[in-house]
Amino acid sequence: MPRMLATREKRLFTVAAIALVLSTLVLGYRFWLHRTTITPARGGEYTEALVGAPHFINPLSAPSNDVDCDITALVFSGLMKSDRDGNLVTDLASSYSMTDDQKQYTFVLRDNLTWHDGEPLTVDDIVYTIKTIQDPTYRSPLRVSFAGVDVKRIDTTTVTFTLKNPLPSFLSVLTVGIMPQHIWYSIPAANAHLAEANIKPVGSGPFQFKSLAKDANGAIRNMTFARNEQYYDQKPYLNQITFKFYSDFDSGVEALKNKNVDGLGYLPLEYAMDVATTNTLTVHELQQPLYTAMFFNPQKNATLKDRTVRAALALGLDRTKIAATAINGKGTVINGPLVNGQALDANAAGYTYDVDAANKKLDDAGWKRNATTTMRFKDTTPLAIKVTAVDQQDNAKTLTLIKEQWQALGIATTLDLVPRSSVRKDVIDPRNYDLLLFGQIIGYGQDPFALWHSSQTQSPGNNLSLVTNKDVDTLLEKIRSTKDAGERQKLYVQFQQKITDEVFAIFLYNPLYLYPQSRTLKGFGITALAQPSDRFRTIASWYTKSHRSFK
């Protein structure tokens, strides 16, 4: 054929042949894109920075430490869990039923459950875990959730829970991770904090302990967890997850920006703008049932026993300005202790910023301005308050505004910023504060019992305002025992109104939870959290490897 064609015709033929090949390739590629979809593939790793250190990676002690909670969520499983959308579904249980009076729950376990070490997981482990939580010598923060609950083994796969009174949120309580009896039963409660199983945990969750590394001082610097190949549910795509531990957010954020890690467990607001400029990261903005409020301790500062003074303090704060400054619009101003669209009463009374009203209340309470200093005194006693908070930028901004606004009322205000690592031990547990600026997570079911009932005023309880009010206690108990959802909603409204009427706390804002991850990681798909560790509830769907397959 080349001998038959002229030079010009040869060129035209060559161009046409090339065009045909290219067209075929383009059409084939477009067909491939149209007829196939990206499918996650097994493989890959994910490394996340956490600020803090692991201490007790076991479900009974973990609630006292965010790092422990995060890791426990991956290693252990409960009878129930939250799905992608936050709905409660069965986990270790294959099914459950409850009696009409909602006082007895029966669970049947899945078949062939095993622990990470290959030992069988049975009903005996369920019973052991609950009874250990109930043991007062163990001092588990979860003990109040199982008070008055009788757990009974029916057979090798069936267990019942009998309650003294109905508890609408009981299923959410059963998301607690189950402990392996064969590892823990011989360890006395008094020595549980010394057990090696706290840092080399054996659970039944989607990831299992692989290794850890310590620095020269013996502090754990990182921990790696491998995919549990015997996991009973959807197995994760990722081969392993590594956690690196940092002493502060500065170093954690730096590691994220330098790509030493693929994610950061929580991004404080002061770093949001800096991280937002990094085009290799996605910052997930997640709703959370958490409120930041100011909690009064009248046992530490007797002035705060006076409701009139507490009301004046609330009226003297411009909460809209505080929220705009402290959280940069990443959240909403709130009036009460129920959040995320579940405050149940949109018109719940709060305290609108009113300087004149605040001054009048202080005058009426006998706190008069000194003509020279303009500060307030009752006789020779100054009106003075110390406000304590975790040392982080949003809190510092909030405290600066609070001090400015209260000193304008004649209140001598001092600030005390403490390290995050010591706030629980040195401030919260001993109730060592006049007034505490702190964020509280309401958790599953929006059950506020553990945060406001008088039985929770001492550690490990979380009634931070030390509220001992019969009306509040009665409402909280009725909320727990009322089966009718409509009636329970009315009780929530009454509870919220009582808290705000008595000014047992000053509620500021409900911030978003910022969670940055590398854009190479796919499959996150969550918009709201019940608690920070919930960010892992879709962990089985996360992937970094993929391939195309026909639709």
Side-chain angles (χ1 to χ4, degrees), residues 269 290-327 331-339 343 348-355 358 361-362 383-409 411-418 420 423-424 427-428 431-442 448 451-452 456-457 462-467 469 472 496 498-511:
L269 288 164
L290 175 148
Y291 54 75
T292 296
M294 304 184 71
F295 300 95
F296 300 108
N297 184 354
Q299 293 182 6
K300 184 77 170 177
N301 187 331
T303 303
L304 301 175
K305 293 179 180 179
D306 189 340
R307 178 187 174 280
T308 303
V309 172
R310 298 197 303 268
L313 294 174
L315 288 164
L317 290 183
D318 186 348
R319 295 179 301 131
T320 300
K321 181 178 181 180
I322 288 172
T325 302
I327 59 176
T332 56
V333 176
I334 58 171
N335 290 322
L338 299 168
V339 297
Y351 284 85
T352 304
Y353 182 47
D354 190 332
V355 173
K361 283 189 177 293
L362 293 174
L383 179 52
I385 295 173
K386 182 171 74 171
V387 188
T388 302
V390 174
D391 188 3
Q392 57 191 47
Q393 192 176 90
D394 55 331
N395 285 344
K397 288 181 179 179
T398 298
L399 291 186
T400 298
L401 288 173
I402 288 170
K403 180 175 181 177
E404 174 188 308
Q405 293 169 12
W406 279 353
Q407 294 211 149
L409 297 174
I411 302 168
T413 308
T414 56
L415 308 180
D416 180 26
L417 287 167
V418 299
R420 175 183 292 271
V423 68
R424 174 65 64 175
V427 178
I428 294 176
R431 302 302 195 250
N432 184 26
Y433 52 87
D434 290 3
L435 202 156
L436 177 68
L437 174 70
F438 196 67
Q440 281 194 325
I441 296 176
I442 303 174
L451 307 180
W452 296 100
Q456 305 301 302
T457 56
N462 286 308
N463 181 343
L464 301 184
S465 278
L466 282 65
V467 175
N469 183 278
V472 171
Q496 178 166 270
K498 185 68 177 179
I499 294 293
T500 54
D501 285 349
E502 295 296 328
V503 204
F504 286 131
I506 302 174
F507 299 94
L508 299 178
Y509 45 78
N510 166 221

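All figures in this text were calculated on a predicted structure; none of them were measured in a lab.
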Under a 3.5 Å distance rule, please check whether Tyr353 uses its side chain to pair with a backbone N or O of Thr320 as donor and acceptor.
no
What one should report as the nearest heavy-atom pair of Tyr351 and Ala311 is CE2-CB, 4.1 Å
What are the two closest heavy atoms between Ala312 and Ala358, and how far apart are they?
O-CB, 3.5 Å
Which residues share a side-chain hydrogen bond (donor to acceptor under 3.5 Å, both in side chains) with Tyr291, sequence neighbours left out
Gln440, Trp452
Count the heavy atoms of every other residue, nucleotide or ligand shown that sit under 6.0 Å from NZ of Lys386, and state whether that count exceeds 12.
no
For residues 411-418, which side-chain donor-acceptor pairs fall under 3.5 Å, sequence neighbours excluded?
unit_1	atom_1	unit_2	atom_2	d
Thr413	OG1	Ile411	O	3.2

Partners passing side-chain hydrogen bond (donor to acceptor under 3.5 Å, both in side chains) against Asn462 (at least two apart in sequence or in another chain)
Arg424
Between the CG atom in Leu315 and the CG atom in Asp354, the distance rounded to the nearest 0.5 Å is 6.0 Å
CG (Leu437) and CG (Leu399) are apart, to the nearest 0.5 Å, by 5.5 Å
With side chains defined as the heavy atoms from C-beta onward, is the minimum distance between Val427 and Phe438 less than 4.5 Å?
no
Taking side-chain contact (heavy atoms from CB on, under 4.5 Å) as the test, write out the residues that go with Asn301, two or more places apart.
Thr303, Leu304, Ile385, Asp434
Can any side-chain N or O of Ser465 pair as donor or acceptor with the backbone N or O of Phe296 at less than 3.5 Å?
yes
Of all heavy-atom pairs linking Val333 and Ala323, the shortest is CG2-CB, 3.7 Å
Going from CH2 on Trp406 to CG on Leu401, what distance comes out if it is rounded to the nearest 0.5 angstrom?
12.0 Å
Across all chains, not counting sequence neighbours, the side-chain hydrogen bond (donor to acceptor under 3.5 Å, both in side chains) partners of Asn297 are none
Less than 4.5 Å apart, side chain to side chain, heavy atoms only: is that true for Gln393 and Leu269?
no
Flag the pair Met294 / Leu313 as yes when at least one side-chain heavy-atom distance between them is below 4.5 Å, and no otherwise.
no
Working to the nearest 0.5 angstrom, can you tell me the gap between Ile442 CD1 and Leu451 CG?
7.0 Å
Among residues at least two apart in sequence or on other chains, which ones pass side-chain hydrogen bond (donor to acceptor under 3.5 Å, both in side chains) with Lys321?
none
How many angstroms lie between atom CD1 of Ile322 and atom CD1 of Ile327, to the nearest 0.5 angstrom?
11.0 Å
Nearest heavy-atom neighbours spanning Tyr509 and Ala326
OH-CB, 3.9 Å
Is there side-chain contact between Lys403 and Val387, with at least one heavy-atom pair below 4.5 Å?
no
Arg431 side chain to Thr457 main-chain N or O, any donor-acceptor pair under 3.5 Å?
yes
Roughly how far, to the nearest 0.5 Å, is CD1 of Ile402 from CG of Leu435?
8.0 Å
Can you check whether Val390's main-chain N or O pairs, donor with acceptor, with Asn395's side chain at less than 3.5 Å?
yes
How close do Gly316 and Gln405 get, counting heavy atoms only, and between which atoms?
O-CB, 3.5 Å
Checking side-chain hydrogen bond (donor to acceptor under 3.5 Å, both in side chains) against Arg319, which of Asn335, Thr398, Thr352 comes through?
Asn335
The criterion is side-chain contact (heavy atoms from CB on, under 4.5 Å); which residues satisfy it with Glu502, sequence neighbours excluded?
Arg307, Arg310, Lys498, Phe504
